[in-house]
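As C-alpha cells, the structure follows; a few thoughts come after it.
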2 protein chains.
Amino acid sequence: MSRTANKGHTTREAILDTGIALAREVGLGALTIGELAERVGMSKSGLFAHFGAKEELQLAVLRAAQARFDENVSRQAFLAPRGLARLRELYKRWLGWAASNRQPGGCLMLAAASEFDDRPGPVRDYLARQQEVWLAGLSRTVGFAVEAGELPENTDTEQFAFELFGLILSTHHHVRLLQDERYFALAQAGLERLINAAPLRKD
Amino acid sequence: MSRTANKGHTTREAILDTGIALAREVGLGALTIGELAERVGMSKSGLFAHFGAKEELQLAVLRAAQARFDENVSRQAFLAPRGLARLRELYKRWLGWAASNRQPGGCLMLAAASEFDDRPGPVRDYLARQQEVWLAGLSRTVGFAVEAGELPENTDTEQFAFELFGLILSTHHHVRLLQDERYFALAQAGLERLINAAPLRKD
DNA sequence: CAATAAAACGAACGGTCGTGCTATAAATTG
DNA sequence: CAATTTATAGCACGACCGTTCGTTTTATTG
C-alpha cells in the first residue's frame, strides 16, 4: 500500500486538475461531466461515481483550486518577513495568480464568486466563507506592517484590505477583458499610493 | 399607426425587460430561451423568432441593460456641474446601480464581463468596447475636476479612474457575496482618499 | 370589411444534460 | 494465486437545450 495513492485517489486528483482548467474556461456552473470525462479520458459514469452529484464535483474543484492558491500565494508570501516586505510579496503573487493571462481563465474563485453570488447553496456558502477568511488574513498582514512601524499607527487595516482587493479586481477585470498588460503598472502604482497615503481610522 | 409600437416592438421590449432580470439571476450564458419564454408568457418558438439566434438574444439583452445604465447613471450624473460635484454624483449612482441589492443579481455588465472574458465572440467584443468607452468617460470626468482646480494639476486621471473602478468592483464583490451593507462605508472612504490624496503623474 | 403582412404557436429534430442501474475489469488483500 | 473490494464502463432514462418548419392567430393596411 503506497499510502498516498489508491488508484481512486490518483484519478480523482487528475480529474480535479483537468476540472480546474475546464472550469476556468467555461465557468464553474457550465462545467459539464461529459466534457470533463472526455478530457480526462474516461467514461461519464466512471467519473460521476467519484462524486455522486454535480454539486459535489463543483465543490471538489473549488477546494482543489483554493488549495493551489493557498500553496502558491499565501504560503509562499509567508516566507517573507512580516511587514511591508510580506505585504508586497503577497500582492505580487496574488496579482500574478489572479490576473496573469499565461493560463486561460483567470482566477477561478473570483469568477465563481461572481457567478454564484446569487445562487444560494453550498457552493455560494463555501465561497463566502473563504472570502471572509481571506479578507481577515489580508487585514492581519497589513497590521503586521503597522506593528513594524512601516505604516502609520492609526492605519485602518480593514479599509486598506478592502482597497487592496479593489486594485486586484480592477486589474483582473481590465487585463482579462481588454487584454492589455499595461494595467499591471496601474496596479503597482495603486499599491504604492496605498502605502504612501494609507487610509487612517476616523476616531 | 402609433409610431413607436408595432406589436412586435412592444413584446420585444417586454422580452428584454424580463431577459435582463433573468440574466441577472442565472448569468447571461445560462439564460435560456425556454425559461425566458415561460416567464414572459409566450411560446419558445414565438420568442425565438424575434432574435433568430441565442447569441442575438444575449446581445440584445446586453444592449438593453447598457441603455438603462446610461440612462440612470451617466445621463443623470451629467446634470451635475463639471468637477468634484459631478464625480461624486457619478460615483454615488454607479455604486447604487452596481452594488445595490435591492434587486437581485447585481450589475449584469460586470457579471457578463467576468463570464465572457475568456469566450471570444461578439458578446465579448461588445463588452470590451463598452468597457473602453466607460473608462475613457471616467477619466474625462476626473479631468473636469482637475480643470476646475479641485484636484491637483498633475493628477493622473487614468490611474484615478482605474482605482475608482476598483472601489466599485470591491464593493460589488463584497456586498453581493457577503451580503453586508457595511462595505458601502468603505467605498465612500475610498473615494475620499482618492480625492484627498489623488494619484499624480510620474513625469 | 377584405386583403395582406406580421407575430405567435405547436410539434418535432438531433444533442447534451445529470443521474441511475448492472456488469465487467482492475487493484488490493489474505 | 484466489478472494474480495474498488474502480470503471456501458446503457438507458427523462428533461431540457437551440433551432426549424408549417400552420394558425392576430395586427395592420387599403
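Bear in mind the structure is a predicted one, so any value in this text is a computation, not a measurement. Protein chains get the first letters and strands the later ones, always in sequence-line order, with residue 1 at the start of each.
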Worksheet item: Parallel, tilted or perpendicular for His174(B) and Tyr183(B), by the 30°/60° rule?
Response: parallel

Discussion item. Considering every strand and a 4.0 Å limit on heavy-atom distances, what is the contact class for Thr32(B): base, sugar-phosphate, or nothing?
Written reply: sugar-phosphate

Fill in: Distance below 4.0 Å between Ser45(A) side-chain N/O and dG20(C) OP1 or OP2
no

Response to the item:
Of dC9(C), dT8(D), dT19(C), the nucleotide closest to the side chain of Ala49(A) is dT8(D)

Worksheet entry | Electrostatic pair Glu158(A):Arg182(B) at N-O distance under 4.0 angstrom | yes

Fill in: Ile195(A) side chain reached by Arg193(A) side chain, heavy atoms, under 4.5 Å
no

Worksheet item: Taking the side chain of Ile33(B) as its heavy atoms from C-beta onward, which of dA9(D), dG18(D), dA8(C) lies nearest to it?
Response: dG18(D)

Worksheet item: Are Asp118(A) and Arg176(B) ion-paired here, with the side-chain N under 4.0 Å from a carboxylate O?
Response: yes

Worksheet, complete the sentence: Checking dG18(C), dG10(D), dA8(C) against the side chain of His50(B) (C-beta onward), the nearest is dA8(C)

Worksheet item: For Phe48(B) and dA7(C), what is the distance between atoms CZ and P respectively, to the nearest whole Å?
Response: 16 Å

Worksheet item: Starting at NE2 of His9(A) and ending at P of dT8(D), how long is that distance when rounded to a whole Å?
Response: 13 Å

Item to complete: Would you mind reading off the distance between Glu35(B) atom CD and dG18(D) atom C1', rounded to a whole angstrom?
Response: 15 Å

Discussion item. I need the NZ-P distance between Lys44(A) and dG18(C), as an integer number of Å.
Written reply: 7 Å

Worksheet item: In whole angstroms, how far is the P atom of dT8(D) from the CE atom of Met42(A)?
Response: 5 Å

Worksheet item: Is a salt bridge present between Arg119(A) and Glu25(B), judged by a nitrogen-to-oxygen distance below 4.0 Å?
Response: no

Discussion item. Distance check needed: dT29(C) C1' versus Asn6(A) CG, whole Å only.
Written reply: 12 Å

Worksheet item: What integer distance in Å separates Arg12(B):CZ from dA8(C):P?
Response: 12 Å

Item to complete: Would you indicate what Leu31(B) reaches in the nucleic acid, counting non-hydrogen atoms under 4.0 angstrom: base, sugar-phosphate, or nothing?
Response: sugar-phosphate

Discussion item. If I take atom CG in residue Leu47(A) and atom P in nucleotide dA7(D), what distance separates them, rounded to the nearest angstrom?
Written reply: 13 Å

